[in-house]
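So the structure is just underneath, and the comments pick up after that.
Residue numbers count from 1 along this sequence. We count ligands from 1, going down the list as the structure has it; atoms in each ligand are counted the same way.
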Amino acid sequence: MEIILARDMGFCWGVRRAIAIMEEAVAKEEEICSLGPIVHNPLVMEELERKGVKMVQGNDLPSKGPLAITAHGAGPQVYQWAKEHGVPLIDTTCPIVTRSQRWAQRMAREGFTVIVFGDVGHREVKGVLAWAEDKGIAVTDPSQVPPGVTRIAVMSQTTQEPQKFSEFIARLVSERIGEIHELRVINTLCNVTSSQQEAARELAKEVDVVIVVGGRNSANTKHLVEVCREEGVPAYQVERPEEVEPQWLQGCQKIGVTAGASTPDWVVEEVVGRLRELAAVADGLPSHS
Ligand code: SF4
């Protein structure tokens, strides 16, 4: 069996930056409350929690602070709340997400209905919609755009696939052209995730199975699984090495490995180590653990 790694995968610079900011802050403070997980990876979060980062939800904000905003960003109400309560903020919002938020605010203030192509339950999308004040909506299909909307600004969740975003825009135009007076398209896709999705697609074409390493609540990791399956290859998502099932590899000559943008290198290395062991067993060789 051969193990082949995607040419682009794993931690993106936005996540590295967020973790670096948190590690620097946690070295100075006894405890920091984080508004949700800093990144969508339980192993990274366990490590940060051990160092003094405590996760809180929006309705359970600390009375003093400091409060960390995650790489996915937050709505303006969080900044306002912190200002009013004198709570210091540690802002790790990825600059690419900040750009989306600025566009959402600007387009809403110019009178556009902001349509975000993405998952309404995702924290990045919720934050971007909050910047659009009450003029934004998240959708995954043009039929979900409310009727009678004439001036539309279309944006995307940063981790969506470029092809799906462009198909969405094409369908929106063809199905709603009679109603639309003005349409702005703002490309808010992150090229880190697009590049990783492209690399996953290439990988899927040359292997028999793909193991995708990343947090189950990570949107970009889920998209990598979808991309590989679209190429007709079985793809399995794991958070930890012990989750790899030996039967997934049965009859496989080439095993592909890729990882989401919030997956640290050491987790990928451990998964590859486990795959090597399983491959050695399958090939009848002694395994080295
Ligand atoms: S995937 Fe892109 S948008 Fe998301 S944190 Fe990384 S660099 Fe930023």
Answer yes if the side chains of Thr193 and Asn220 hold a donor-acceptor pair under 3.5 Å, and no otherwise. no

Checking the side chain of Arg176 only, and the main-chain atoms of Val149 only, is there a donor and an acceptor separated by less than 3.5 Å? no

Which residue owns the protein heavy atom closest to atom 4 (Fe) of ligand 1, what's the atom, and how far is it? Thr158 OG1, 4.4 Å

Do Gln197 and Leu224 touch side chain to side chain, with heavy atoms closer than 4.5 Å? yes

Examine Cys12 and say whether one of its N/O/S atoms is closer to atom 2 (Fe) of ligand 1 than 2.8 Å. no

Atoms of ligand 1 close to Cys190 [distance to a heavy atom under 4.0 angstrom, numbered from 1]: 1 (S), 2 (Fe), 3 (S), 7 (S)

Carboxylate-amine/guanidinium contact Arg201 Glu231, below 4.0 Å: yes

What atoms in ligand 1 come closer than 4.0 Å to a heavy atom of Cys94? 3 (S), 5 (S), 7 (S), 8 (Fe)

Thr193: numbered ligand 1 atoms lying under 4.0 Å from its heavy atoms: 1 (S)

In this structure, are over 12 heavy atoms from other groups packed under 6.0 Å from Glu47 atom CD? yes

